[in-house]
Amino acid sequence: MTATVDEMETAAEPTEKTVPSQAEGKKQRRISPLASVQLSVFLMTLMAATILLGAWCPQEAQVGQEKVFEAFDRSTAEFLVRSGITDIFHSPWFLTITALMTVNMVVVSFQRVFPKLKSYNREMPFFGGKEIGKLACNRKLYLRAGSQTAVLGQLTAALTRLGYKVKFSQGQGLKAEFGRLGRLAPTVTHIGLLSLLTGVTITSWTGFNGFRPVLLEESLNFDDAKHAGLWIGKMPAWTVKVVSTRRENYPTGEAKQWFSVLSVVDKDGKVLKTQEISVNNPLSYEGVDIYQSSWGLDQLVVSFNGQKRKLGLNSMGQKYAAFLPLDTDTVLIMSLSSEGKELRVFAKRKEWEAPKLLGVVPLSRTLKLGGVDMVFEKVLPVTGLQYKCDPGLPVTYGAFLIIMVGVLLASIPHRHLWCAIESEGESQALFIGGTSRKAKVGFERSLDKLIEDLGPFKEELK
Amino acid sequence: MTDLQMTLTNTAGVSSVMSLWVFIVSNFTGSKSRLKERSIKLGNWVMLIGFLCLSAAIITRGIEAERFPLSNLYESLLWFAWATMGGFIYVSRAYGIYQLGWLASLTAIIFFFYGNCLPQSQHDIMPLVPALVSYWRWIHVPPLIVSYAMFFLAGLSGLLNLYQSGRKVTLGIMILTIAMASTAIGLGTFSDKVEVYILQLMFVGSSLVGTVLGFLSLKKVDAAKSADTEAVKRAAMYDDVGYRCVAVGFPLLTFGIITGGLWANHAWGSYWSWDPKESMALVTWLSYAAYIHLRIQRELSAEKLSVVAVLGLLLTLLTYLGFNSLGFGGLHSYGKIK
Ligand code: HEM
């Protein structure tokens, strides 16, 4: 029976350690130590611990080194920076674990996971009472004479209802299988994981990304884009001009959405494409995506008796404000809401408790301040643009899909069930048993239920 | 919050408290008595009523807010309680288990209570910040919350497996660990007095020490329990139940992480940015991948897997609540209340 036993190893997922000792020994010799699942669990643990550390410690790549020094005292921060913990996802340590995990996964996939697919279409043989008796989960009962056909009929109906595919043998027996698709799970998942690695590698070799705040009517170029050290991609020759940009508010004044109209402009100034973007709705051109990622009012232009002044705006909660010192004791404060339609002008002197409102002036109107004519000329918004080029994306997305399918398949418990009716002297013995690696007790329960329903055909032995 | 919504939520809270008591009482009735059977049935029914009320409460909240009702910590806690109850109802139908019932009610109650103690601003329906205005929100978040709840149930089954297999010492250690970790989260959410580093240490330290001690103490077996064949059977069943929960939770977590990536890519142009919460979800994912491989390939014993499942529960707790309440930063700060 070695062939059957070997097949059980691959197809039926044995629960007994007793079954394939010899076959297993033979297999293990062919498999490299890099393919050990112990190693993968060890690597997964190391990886998890590393990521945990990276999640705990502010990362330079995301928030900048200053944050690290803000969060810890000086010596701790210096230690964290020196040891690479503040940039752990680019550290040699992390890259080494990733590389080892990749090698482990590739070797395992090819040596242990994919080969199992060969047995996917192989049919399991029918088992007699003796073999069924060896299965991890098996039962035996005696039947009333002449009830075999009815019993098999009832079992078939019940198993079919449970979703099993049932086949009969020439003699008195059947075999049934549930969730064969579930056996594809490891293969599919691991193909997905390998594709993910491929996609990520393509991106890191050819992609780039970056962020830049751009003022209204100015342009975004890609001079300060970031990309990996090992890089064979190329940067676009075109730039992106901010034609207009605005913010939409909730009635309460909080931001609801930011919009920017962008034009793609080539070297000669020709407009190639124009589109309005908003958060969650980017512009795409030649594989580069440009995202709305933040928004603000940046500069205020006013004129005093015809003389223009540009003032930087600070964000103060829901308002923006500019400060213009007039002399050592007096400051002119100008404040705007995010719509930028009206400028409120205040004066503040040292001895005053609160600023005094001098007046409110709509856009392009004049406010008389004593002998000075102040005009609210314009306000310049700034739009935060995030861009990226990710050539590996289709592969990565494909991988996501495959992984999803794989893990879904993995939740299907694969079950095999055999049944044989044999004469034992005067009586008819029914052997029923099977294997289910994933949900043993659930399987046993369903088996017991099947047997319970056979009650009317049962014969109690004297 | 309307009265209807409040009433429904409170009914759900009260019925989880009631089902807890019914389940507890059922433990003190004779092991095969009719009373026991009835009280378990009753417990299940009360739980089901709570589950339905909570479903209705969440729906009414959504209607009132005119958006998908999952945008702050309070709402996500309601979802978590909902998924814990639903998850229990799902596994109890398949296995006819009741011990898990009182643990599941207890978990739901703790989460209701936690939600109730949050400041009023969390209960109020607030407008969303631009980053959250997207249909992706309801594709991405619910699977995650439900997966967290399933992992909780898996961890609780792990505890029951330890109990039934006579690993009393390990059980004690694991319960203590969970209690320490929860205390850290409670303090982190509601108190300003304790330094975050102490809380972080309290959570991570106790989890590490607890897990290691848990493994080491597995050798201490209660002889009476391991001789009791009924108990051995029940232990195997809880092992099975734990696996079923992971088998549901893992695809959901995978789906949640991947859709999070798709959303991030859609909104910010990068599907992965090593944001702390995102990284933490990956840690949890890896730990359950390890659980699955240990189970399928190494055929690890049920007790060891139970300890792994409890470790998974702790990681889930850290991912779900710990990162915000223990002062880790990041984009996903809608869970922050301070
Ligand atoms: C370090 C790398 C890894 C190695 C060496 C490895 C190895 C294996 C092996 C040997 C199997 C069993 C195949 C079988 O019994 O037919 C397996 C199954 C599986 N692996 Fe991995 N694995 C790795 C990483 C991962 C990761 C990161 C995931 C995350 C999703 C994963 C998901 C799965 C799934 C879902 C199964 C199927 C389990 C089932 O049948 O229920 N693997 N893996």
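Per chain, numbering begins at 1; letters A, B, ... match sequence-line order.
- Here the CG-CE distance, from B/L294 to A/M44, works out to 8.5 Å after rounding to the nearest 0.5 Å.
- Across all their heavy atoms, B/D240 and A/G442 have their closest contact at OD2-N, 2.9 Å.
- Nearest heavy-atom pair across A/S411 and B/R244 is O-NH1, 4.0 Å.
- With a 4.5 angstrom heavy-atom cutoff, A/L393 touches chain B only via side-chain atoms.
- Summarising the local packing, NE2 of A/H227 is surrounded by more than 12 heavy atoms from other residues, nucleotides or ligands at distances under 6.0 Å.
- Expressed to the nearest 0.5 Å, how far CE of A/M47 lies from CG of B/L282 amounts to 7.0 Å.
- Contact annotation for B/L262: both backbone and side-chain heavy atoms come within less than 4.5 Å of a heavy atom of chain A.
- B/W272 does not touch chain A: none of its heavy atoms, backbone or side chain, sits under 4.5 Å away.
- Counting only heavy atoms from C-beta outward, the side chains of B/P276 and A/Q59 never approach each other to under 4.5 Å.
- Atoms CG and CG, from A/L52 and B/L286 in turn, are 11.5 Å apart once rounded to the nearest 0.5 Å.
- Residue B/S287: no heavy atom, backbone or side chain, is found under 4.5 Å from chain A.
- In this structure, chain B has no heavy atom under 4.5 Å from any part of A/L409.
- Atoms CG and CG, from B/N265 and A/D289 in turn, are 7.0 Å apart once rounded to the nearest 0.5 Å.
- For the atom pair CD1 (A/I403) and CD1 (B/I258), the distance works out to 5.5 Å, reported to the nearest 0.5 Å.
- Below 30°, between 30° and 60°, or above 60°: for A/F94 and B/W274 the angle between ring planes is above 60°, a perpendicular geometry.
- There is no contact between A/T189 and chain B, counting heavy-atom distances below 4.5 Å.
- Using a 4.5 Å cut-off between heavy atoms, B/F255 touches chain A through backbone and side chain atoms alike.
- Within a 6.0 Å sphere centred on CZ of A/F400, other residues, nucleotides and ligands contribute more than 12 heavy atoms.
- With rounding to the nearest 0.5 Å, the separation of OH in B/Y271 from OH in A/Y397 is 8.5 Å.
- For the pair B/M237 and A/R445, the minimum side-chain heavy-atom distance is below 4.5 Å.
- Only the side chain of A/F89 comes within contact range of chain B, with heavy atoms under 4.5 Å apart.
- Side-chain contact between A/V441 and B/D239 is absent, with no heavy atoms from C-beta onward closer than 4.5 Å.
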